[in-house]
*Asks:* 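Once you've had a glance at the structure underneath, I'll fire off some questions.
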Number of protein chains: 2
Amino acid sequence: MTAKEKNLYEAKAKVLKALAHPTRLWMAEQLSAGEMCVCEFVDQVDADFSTISKHLSVMKQAGIVEDDKRGKQVYYKMKVPCVMNFMGCVEAVIKSNAKDQAALVK
Amino acid sequence: MTAKEKNLYEAKAKVLKALAHPTRLWMAEQLSAGEMCVCEFVDQVDADFSTISKHLSVMKQAGIVEDDKRGKQVYYKMKVPCVMNFMGCVEAVIKSNAKDQAALVK
DNA sequence: TAAACATTTGGCTATTTTGCCAAATATAAA
DNA sequence: TTTATATTTGGCAAAATAGCCAAATGTTTA
């Protein structure tokens with residue numbers, strides 16, 4: 001593997017890693033329905049507001065979301081919405097796993 | 001968020017996490033072109049064979065790949081191939097990031 | 001201008017992940 | 001049945017991640 005390819009796979013992994021956290025994934029799904037400000041997440045997520053801010057920052061660094069400061073608030077929105085198209089397939093994996101589990105106790 | 005929903009997001013995150021590593025992602029892409037045995041990865045990946053085995057195990061635990069022992073060798077293949085459909089979008093994120101980077105130095 | 005509000009950042013600890021080595025296991029070949 | 005080959009597993013140290021608190025920053029309101 002060339003250095004260039006290695007960089008490419010690291011970059012791809014970074015994008016996936018940014019989504020690979022339950023809280024971040026939930027927030028990304030919310031954002032795919034439209035922009036939200038940090039304060040809305042603070043109301044809905046059971047975590048310190050600094051933690052929420054850092055999660056959003058991880059997704060921003062990965063290039064998945066972008067932010068927009070308006071007044072006192074910062075609004076986040078999806079930058080590359082196709083990211084969430086994937087979730088149907090992730091759910092297919094979960095269902096496949098559930099089926100395997102069910103088969104074990106049959 | 002209910003406990004059930006929480007479990008769901010944890011399960012989804014686990015699937016993403018299993019792909020969110022450069023080596024695992026590369027291996028997953030290879031597997032989406034057809035099954036491969038561990039020994040082939042050992043030849044092509046610059047990591048200890050035990051490390052490779054553990055990476056494959058992570059993807060297996062997540063339900064992304066399945067294994068099949070034939071003789072001395074263990075063959076892995078994608079279990080839910082749609083997983084790799086996502087990569088086009090991940091690449092779109094990378095391109096978007098590259099564009100942003102380029103804009104910085106314009 | 002001071003106080004209140006929204007968010008980010010720094011710092012710290014706890015937890016998780018990585019990746020190597022060595023040892024165990026399983027299968028095939030000599 | 002010893003030996004070689006392929007893979008997994010256990011154990012450990014290093015690195016990365018998560019999440020809280022406190023402090024800093026930027027913005028509006030009183």
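Just so we're on the same page: letters track the sequence lines, and every chain starts at 1.
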*Asks:* May I ask you to say what B/Arg24 touches in the nucleic acid, namely base, sugar-phosphate or nothing, with a heavy-atom cut-off under 4.0 Å?
*Replies:* sugar-phosphate
*Asks:* Charged N to carboxylate O below 4.0 Å: is that the case for A/Arg70 and A/Asp68?
*Replies:* yes
*Asks:* Please determine, for the side chain of A/Lys72, which listed nucleotide (D/dG11, D/dT7, D/dT28) has the closest atom?
*Replies:*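 So the side chain of A/Lys72 is nearest to D/dT28.
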*Asks:* Mind calculating the distance between CE (A/Met36) and P (C/dT7) to the nearest angstrom?
*Replies:* 11 Å
*Asks:* For B/Lys17, which contact category applies under a 4.0 Å heavy-atom criterion: base, sugar-phosphate, or nothing?
*Replies:*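 Since only primed, P, OP1 and OP2 atoms lie under 4.0 Å of B/Lys17, the category is sugar-phosphate.
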*Asks:* D/dT27 P sits how many Å from A/Asp68 CG, rounded?
*Replies:*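 Checked: the CG to P distance equals 13 Å.
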*Asks:* Given that A/Phe49 and B/Asp67 both sit by DNA chain D, which one's nearest nucleotide is further toward the 5' end?
*Replies:* B/Asp67
*Asks:* Distance check needed: C/dT9 C1' versus A/Ile52 CD1, whole Å only.
*Replies:* 16 Å
*Asks:* Parallel, tilted or perpendicular: which describes the rings of B/Phe41 and B/Trp26, with under 30° parallel and over 60° perpendicular?
*Replies:*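 The arrangement is perpendicular - the two ring planes meet at more than 60°.
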*Asks:* Heavy-atom count around B/Asp43 CG within 6.0 Å, excluding the residue itself: above 12?
*Replies:* yes
*Asks:* Whole angstrom is fine here: how far is it from CG in B/Leu25 over to P in C/dT17?
*Replies:* 18 Å
*Asks:* D/dT27, D/dA18, C/dC20: which one has an atom nearest the side-chain heavy atoms of B/Ser50?
*Replies:* C/dC20
*Asks:* Quick one: is C/dG19 close enough that its OP1 or OP2 comes under 4.0 Å of any side-chain N or O from B/Thr51?
*Replies:* no
*Asks:* Choose from D/dT8, C/dT7, C/dG19 the nucleotide whose nearest atom is closest to any side-chain atom of B/His55.
*Replies:* C/dG19
*Asks:* From CG of A/Leu56 over to C1' of D/dT17, roughly how many Å is that when rounded to an integer?
*Replies:*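 About 16 Å, once rounded to whole Å.
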*Asks:* Rounded to the Å, how far apart are A/Lys69 NZ and C/dT8 P?
*Replies:* 8 Å
*Asks:* Does B/Ala62 offer a backbone N or O that forms a donor-acceptor pair with the side chain of A/Asn97 under 3.5 Å?
*Replies:* yes
*Asks:* Check the distance between D/dA22's P and A/Asp48's CG and give it to me in whole angstrom.
*Replies:*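 Checked: the CG to P distance equals 10 Å.
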*Asks:* Just compare C/dG19, D/dT17, D/dC20 and give me whichever is closest to any side-chain atom of B/Lys54.
*Replies:*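 Of all the options, the side chain of B/Lys54 is nearest to C/dG19.
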*Asks:* Quick one: which of C/dC20, C/dT7, D/dT7 gets closest to the side chain of B/Val74?
*Replies:* D/dT7
*Asks:* Would you kindly give the CD-to-C1' distance between B/Gln73 and D/dT7, to the nearest whole Å?
*Replies:* 10 Å
*Asks:* Which sits closer to the 5' end of DNA chain C, B/Thr23 or B/Gly71, going by the nucleotide each is nearest to?
*Replies:* B/Thr23
*Asks:* If you assign each of B/His21 and B/Arg70 to its closest nucleotide in DNA chain C, which residue comes earlier from the 5' end?
*Replies:*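 The residue mapped nearer the 5' terminus is B/His21.
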*Asks:* Any salt bridge linking B/Lys79 with A/Asp100? Criterion: basic side-chain nitrogen under 4.0 Å from a carboxylate oxygen.
*Replies:*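 So B/Lys79 pairs with A/Asp100 through a salt bridge.
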*Asks:* Could you tell me whether A/Tyr76 contacts a base, only the sugar-phosphate backbone, or nothing, with contacts defined as non-hydrogen atoms closer than 4.0 Å?
*Replies:* sugar-phosphate
